[in-house]
Structures are given as C-alpha cells and as structure tokens.
Amino acid sequence: MAIQLGDIAPDFTADTTEGTISFHDWKGISWAVLFSHPKDFTPVCTTELGYTARLAEDFAQRNVKVIGLSCDSVQDHLAWSQDIEDTQGIRPNFPMIADPNRTVANLYDMIHPNASDTMTVRSVFVIAPDNTVKLTITYPASTGRNFDEVLRVIDSLQLTATKKVATPVNWKQGDDVIILPALSNEEAAELFPNGWDEQKPYLRVVSQ
Ligand code: BEZ
C-alpha cells in the first residue's frame, strides 16, 4: 500500500554517494526531504539536482536534511555529478541513494508501472523529526518539480506543528494565517490576545 500522511517513513540501509546510510540513523531528529528522480544523465533531473544543491542553506536553516534517489549506481551518480556541476554550476551537496535493485523505490512506491516499469517517478516525501510522513508529492518524469514550493510547504508544516493555525492558499512565510476551526473563540482569545479578523465564524484570520 502506498505510504500515507502520518505513516512512519520506512527505514532502510542503502549505498549512497556519501557511503552506506541507515536512513533513520542518518536522519536523526532532523526533518528530511527524500526525493526520487527517474534516471541519471537525463536533462530535467540535471536541472532539479543543481537547483536543490543551491538551496542547501535554505534547507539547513530549516533543519532539513535532503537525500535523493534513483535506480542507478553510485558510480553513475558520481559521474553525473560532474555533469551537473558543468551545466548547473554546482554539484549535489547531499547524498544520492543508489537503488539498482529498487529496494527503496519499492518500499516507498516510487515506481508506478503504468507510467514506467523501470524508472522511479518524481516522488517527494517530507518527513518530520519523529519520522512521520508529512507530505507526499508525485510528479511525472516529464515535469520538473518546484523546490521553492517544497520549502514553502516545509515552512507551513513547521509553523502548524507548534501553533494552532493553518495556512491559506498561496501562503508564504510572514503572511497572515488562519486560526484552527477546532479552537473556540475563548481559547483563541488566550492565544491571540490582539484579536483577529473574523470573516466567517470558521474563517478567522490573524497575523503570523
Ligand atoms: C529528464 O529528467 O529529463 C527525464 C527523465 C526521464 C524521462 C523523461 C525526462
């Protein structure tokens, strides 16, 4: 069965470009982004991995570790890293899992046989410090992902993990947020003493 939100991210041990990794040990109590790409030495993937490498500081600020995966070998990953540096100006600065036997890909349902028998789709899993899965995204091979959107969702996940709010459409860090409908007005008044904009009883907007 596919991995669902709230599930514990399956643990695994795998070879990577940074040595053998036991996923839960490597991740520790950080957040993690585990993402798959269809194949090494392919154009869209080349741009995605270069861009993700450029976001290293943004991920670090959010206490997020990043790890990639494809069903290619460590040797291919390393050779391709040079191409990524040549074309994107930066090499991957995060481990890339080599999964030639598709062990991890199968564990995380990253192969969708009706799309391709052999290549992983573009999966993204955002995993919280307690190892629960907080976000899953699946893109087809033909469409590169938006890693700024991954950061935006992480900002929302990290905010809503500790505050009794949700984030509205197209929200970004610093924008107004919405008080959780489960909170009564009396409870909300304690948490938000400066008040809120009550547009409907269930739509109470408050500054972040
Ligand atoms: C790409 O990364 O460019 C790609 C990979 C697999 C199929 C199509 C495109």
Side-chain angles (χ1 to χ4, degrees), residues 1-5 7 9-10 12-21 23 26-27 31-60 62 64-127 133-155 157:
M1 200 174 82
I3 292 174
Q4 300 186 338
L5 303 190
D7 290 354
F12 57 84
T13 299
D15 291 335
T16 80
T17 48
E18 297 184 9
T20 303
I21 278 178
F23 182 58
W26 169 83
K27 177 186 164 296
W31 289 75
V33 171
L34 166 63
F35 72 104
S36 57
H37 56 269
K39 199 160 176 44
D40 292 5
F41 304 105
T42 53
V44 176
C45 302
T46 299
T47 61
E48 285 191 326
L49 270 71
Y51 193 81
T52 305
R54 286 199 185 286
L55 296 179
E57 190 55 34
D58 299 275
F59 284 114
R62 292 164 174 81
V64 180
K65 292 184 176 177
V66 174
I67 189 163
L69 175 147
S70 77
C71 296
D72 299 283
S73 64
V74 167
Q75 207 178 7
D76 278 352
H77 287 345
L78 292 173
W80 183 38
S81 295
Q82 184 60 53
D83 289 359
I84 295 170
E85 184 172 3
D86 291 346
T87 59
Q88 310 303 305
I90 188 166
R91 30 185 336 117
N93 44 24
F94 47 84
M96 289 197 279
I97 297 165
D99 195 31
N101 298 324
R102 305 180 198 166
T103 311
V104 181
N106 287 331
L107 198 57
Y108 277 80
D109 265 319
M110 292 165 167
I111 293 184
H112 295 196
N114 291 329
S116 166
D117 280 346
T118 53
M119 296 189 301
T120 44
V121 291
R122 298 187 195 279
S123 298
V124 183
F125 296 89
V126 175
I127 302 164
V133 174
K134 295 298 183 189
L135 175 79
T136 65
I137 309 178
T138 306
Y139 272 47
S142 52
T143 306
R145 287 158 285 197
N146 183 334
F147 282 85
D148 294 330
E149 167 64 2
V150 174
L151 283 175
R152 190 193 73 87
V153 180
I154 290 169
D155 284 341
L157 289 169

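Each ligand, and each atom within it, is numbered from 1 in the order the structure gives.
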Here the atoms of ligand 1 under 4.0 Å from any heavy atom belonging to Thr42 are 1 (C), 2 (O), 3 (O), 4 (C), 5 (C)
Out of Arg122, Met119, Glu48, whose heavy atom sits nearest atom 4 (C) of ligand 1? Arg122
So, Arg122 side chain and Ala141 main chain: donor-acceptor pair closer than 3.5 Å or not? yes
State yes or no: are the ring centers of Phe35 and Phe147 separated by less than 6.0 Å? yes
Could you verify whether a donor N or O on one side chain and an acceptor N or O on the other, from His77 and Asp40, lie under 3.5 Å apart? yes
Taking only heavy atoms of Val44 into account, list the atoms of ligand 1 that are under 4.0 Å away from them. 1 (C), 2 (O), 3 (O)
Does NZ belonging to Lys65 count more than 12 external heavy atoms closer than 6.0 Å? yes
Taking only heavy atoms of Pro43 into account, list the atoms of ligand 1 that are under 4.0 Å away from them. 1 (C), 2 (O), 3 (O)
Would you kindly specify which portion of Ala141 sits under 4.0 Å from ligand 1, judged on non-hydrogen atoms: side chain, backbone, both or neither? both
What class does the angle between the rings of Trp80 and Phe41 fall in, given that below 30° is parallel, 30 to 60° is tilted and above 60° is perpendicular? tilted
Per-atom contacts, ligand 1 versus Cys45 - under 4.0 Å to a heavy atom: 1 (C), 2 (O)
